[in-house]
Amino acid sequence: MAPLQGEQSQKPGMVPPPPGEESQTVVLPPGWQSYLSPQGRRYYVNTTTNETTWERPSSSPGISASPGPHRSSLPPTVNGYHASGTPAHPPETAHMSLRKPTGDSQNLGSSSPGKKQSKENTITINCVTFPHPDTMPEQQLLKPTEWSYCDYFWADKKDPQGNGTVAGFELLLQKQLKGKQMQKEMSEFIRERIKIEEEYAKNLAKLSQNSLAAQEEGSLGEAWAQVKKSLADEAEVHLKFSAKLHSEVEKPLMNFRENFKKDMKKCDHHIADLRKQLASRYASVEKARKALTERQRDLEMKTQQLEIKLSNKTEEDIKKARRKSTQAGDDLMRCVDLYNQAQSKWFEEMVTTTLELERLEVERVEMIRQHLCQYTQLRHETDMFNQSTVEPVDQLLRKVDPAKDRELWVREHKTGNIRPVDMEI
């Protein structure tokens with residue numbers, strides 16, 4: 001998974017608690033698991049609803065086993081910040097790379113060691129900050145061994161159709177929309193199957209009324225009449241099969257998530273807006289960083305003028321320049337705070353939304369599987385009914401007896417049993 005800001009703290013990973021860490025012996029309710037945040041604070045995750053909380057969940061409804069009002073849709077800290085945007089690490093250490101001591105003119109004119117370390121530890125790609133692959137340790141996956149959407153779609157991918165990039169979330173969205181299209185096409189396929197069944201039933205019923213060989217007599221004639229009747233019975237079976245296909249397979253496939261595309265568009269716009277906000281915050285950071293560099297350069301120049309005493313006003317100018325440089329540093333810290341908050345919000349919504357897409361995909365596949373199973377079940381039933389329509393034919397065919405048929409026919413149509421004799425003179 002592509003991680004986020006890594007300057008002072010890492011995004012929480014789903015790391016099982018070490019032995020002896022759980023101070024309470026009460027068993028967690030079903031579906032809940034316990035983890036540690038990077039700061040060592042324990043939080044709890046409902047693996048069914050993806051809800052997270054500082055409170056220890058209780059088996060009794062409405063009762064928590066530990067104090068703390070905080071609840072959110074994600075682990076308590078993301079990107080080094082709580083959901084409210086407050087730093088997860090102490091304020092005095094949160095921005096070591098940005099704040100400069102106002103009394104040290106040399107430090108104001110050059111990058112501090114903390115800033116250099118930050119540059120080495122992180123890398124920003126398309127306005128998203130990731131740990132530097134050469135200096136940061138490997139991160140834990142949020143859902144190890146599950147190949148979850150929330151772990152593998154943080155970075156953007158080069159668009160094979162052009163020179164641009166496609167966001168990881170956009171790939172997931174395209175997969176969802178493709179799944180919806182496949183579901184629609186399956187429904188259309190079943191519709192064609194229904195048409196075939198209806199046409200077949202119609203032709204069978206028509207054929208059963210055909211008068212060919214209607215004058216066959218005897219036991220063979222009875223068997224032949226049953227053959228024709230079985231066609232009418234089979235036509236009825238196929239009509240019922242086509243009706244069940246429509247109500248139990250085609251219609252559910254067609255109507256499942258009728259507003260899915262509209263919902264996906266809302267989801268896409270929401271994530272895209274958060275990404276735009278992140279890009280805007282990043283642009284503000286870069287602008288503030290540039291302004292700080294200019295203020296530091298101006299302060300350094302005025303400090304050099306003071307050393308060689310080129311101007312009597314230089315000392316007053318230095319104070320002003322120092323104040324402006326400090327203000328620029330504060331502005332940069334504020335912009336970085338806003339950027340980190342925007343990135344945390346985007347991160348939280350990405351995890352929540354990708355997990356929801358994952359759930360929807362599982363639900364769609366399971367729904368289609370169930371209805372295709374219903375299709376095969378109907379096919380088996382149809383075959384059984386068709387078999388039942390020919391069983392009477394088989395029974396009558398086994399009773400066909402040419403000798404008996406001859407007897408019956410002769411009895412009905414005989415013209416006389418006195419044979420001719422020779423003529424006498």
Side-chain angles (χ1 to χ4, degrees), residues 1-6 9-17 31-38 42-54 70-83 88 125-131 133 136-157 165-180 260 263-275 277-278 340-366:
M1 164 182 158
L4 301 178
Q5 181 75 17
S9 63
Q10 295 181 349
K11 182 175 75 287
M14 305 292 273
V15 184
W32 286 89
Q33 293 186 16
S34 171
Y35 300 98
L36 289 178
S37 71
R42 186 169 303 284
Y43 61 94
Y44 302 90
V45 179
N46 187 314
T47 58
T48 302
T49 64
N50 296 318
E51 177 189 9
T52 62
T53 177
W54 292 114
H70 179 78
R71 284 183 183 269
S72 70
S73 59
L74 290 170
T77 60
V78 179
N79 189 27
Y81 283 80
H82 295 305
I125 304 174
N126 290 345
C127 305
V128 181
T129 303
F130 299 96
M136 294 295 287
E138 183 178 355
Q139 291 178 323
Q140 292 287 340
L141 296 175
L142 294 178
K143 301 183 75 173
T145 74
E146 295 187 29
W147 290 95
S148 174
Y149 291 163
C150 70
D151 277 320
Y152 296 97
F153 291 90
W154 294 105
D156 297 340
K157 186 176 183 179
T165 58
V166 179
F169 181 78
E170 184 65 25
L171 292 176
L172 292 176
L173 203 64
Q174 291 173 4
K175 185 179 190 304
Q176 293 289 320
L177 296 176
K178 180 181 178 181
K180 174 63 176 177
F260 186 72
D263 294 340
M264 287 299 98
K265 281 186 178 180
K266 290 180 181 178
C267 187
D268 185 23
H269 290 159
H270 178 57
I271 296 297
D273 287 344
L274 291 175
R275 189 67 183 267
Q277 293 176 20
L278 183 61
N340 286 335
Q341 292 175 31
Q343 185 166 256
S344 295
K345 179 62 176 175
W346 174 72
F347 173 86
E348 292 180 5
E349 292 299 320
M350 276 285 289
V351 172
T352 302
T353 307
T354 53
L355 287 176
E356 177 63 11
L357 293 183
E358 193 173 293
R359 185 191 68 79
L360 291 174
E361 177 70 7
V362 171
E363 187 180 71
R364 182 190 73 88
V365 172
E366 181 60 23

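As the structure is a computational prediction, the values presented were derived from the model and not from experiment. All residue numbers in this chain count up from 1 along the given sequence.
If you take CG on Leu172 and CG on Asp268, they are separated by 11.0 Å, rounding to the nearest 0.5 Å. Rounding to the nearest 0.5 Å places CH2 of Trp346 at 8.5 Å from CD1 of Ile271. Leu171 CG to Phe153 CZ: the interatomic distance, rounded to the nearest 0.5 Å, is 6.5 Å. Between atom CD of residue Glu349 and atom CD of residue Glu356 there is a gap of 12.0 Å, rounded to the nearest 0.5 Å. Atoms CD and OG1, on Glu361 and Thr354 in that order, are 13.0 Å from each other to the nearest 0.5 Å. Rounding to the nearest 0.5 Å gives a distance of 4.5 Å between CG of Leu355 and SG of Cys150.
With contacts defined as side-chain heavy-atom distances shorter than 4.5 Å, the pair Phe169/Arg275 does not qualify. A 4.5 Å side-chain heavy-atom check between Val351 and Trp154 finds at least one atom pair inside the cut-off. Two residues are said to be in side-chain contact when any heavy atoms from C-beta on lie closer than 4.5 Å; Glu358 and Ser148 meet this criterion. Residues Glu170 and Leu173 have side chains in contact (heavy-atom distance under 4.5 Å, counting atoms from C-beta outward). Counting heavy atoms from C-beta outward, His270 and Lys266 have side chains that stay 4.5 Å or more apart.
Residues Asp151 and Lys143 share a closest heavy-atom pair of OD2-N, 2.9 Å. The two atoms that bring Gln174 and Val166 nearest to each other are NE2-CG1, 4.4 Å, heavy atoms only. What you find for Gln176 and Leu357 is that their closest heavy atoms are NE2-O, 3.0 Å.
Every residue two or more places apart in sequence or in another chain that forms a side chain to side chain contact (heavy atoms under 4.5 Å, CB included) with Gln277 is listed here: Leu274.
The closest donor-acceptor contact from the side chain of Thr353 to the backbone of Met350 lies at 3.5 Å or more, if one exists at all.
The aromatic rings of Trp147 and Tyr152 sit parallel to each other, their planes meeting at less than 30°, with 60° as the upper class boundary.
A salt bridge is absent between Lys180 and Asp263: the closest approach of a Lys/Arg side-chain nitrogen to an acidic carboxylate oxygen does not fall below 4.0 angstrom.
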Worked check of side chain to side chain contact (heavy atoms under 4.5 Å, CB included) between Glu363 and Leu360:
CA-CA 5 Å; Glu363 187 180 71; Leu360 291 174; 4.1 Å; yes
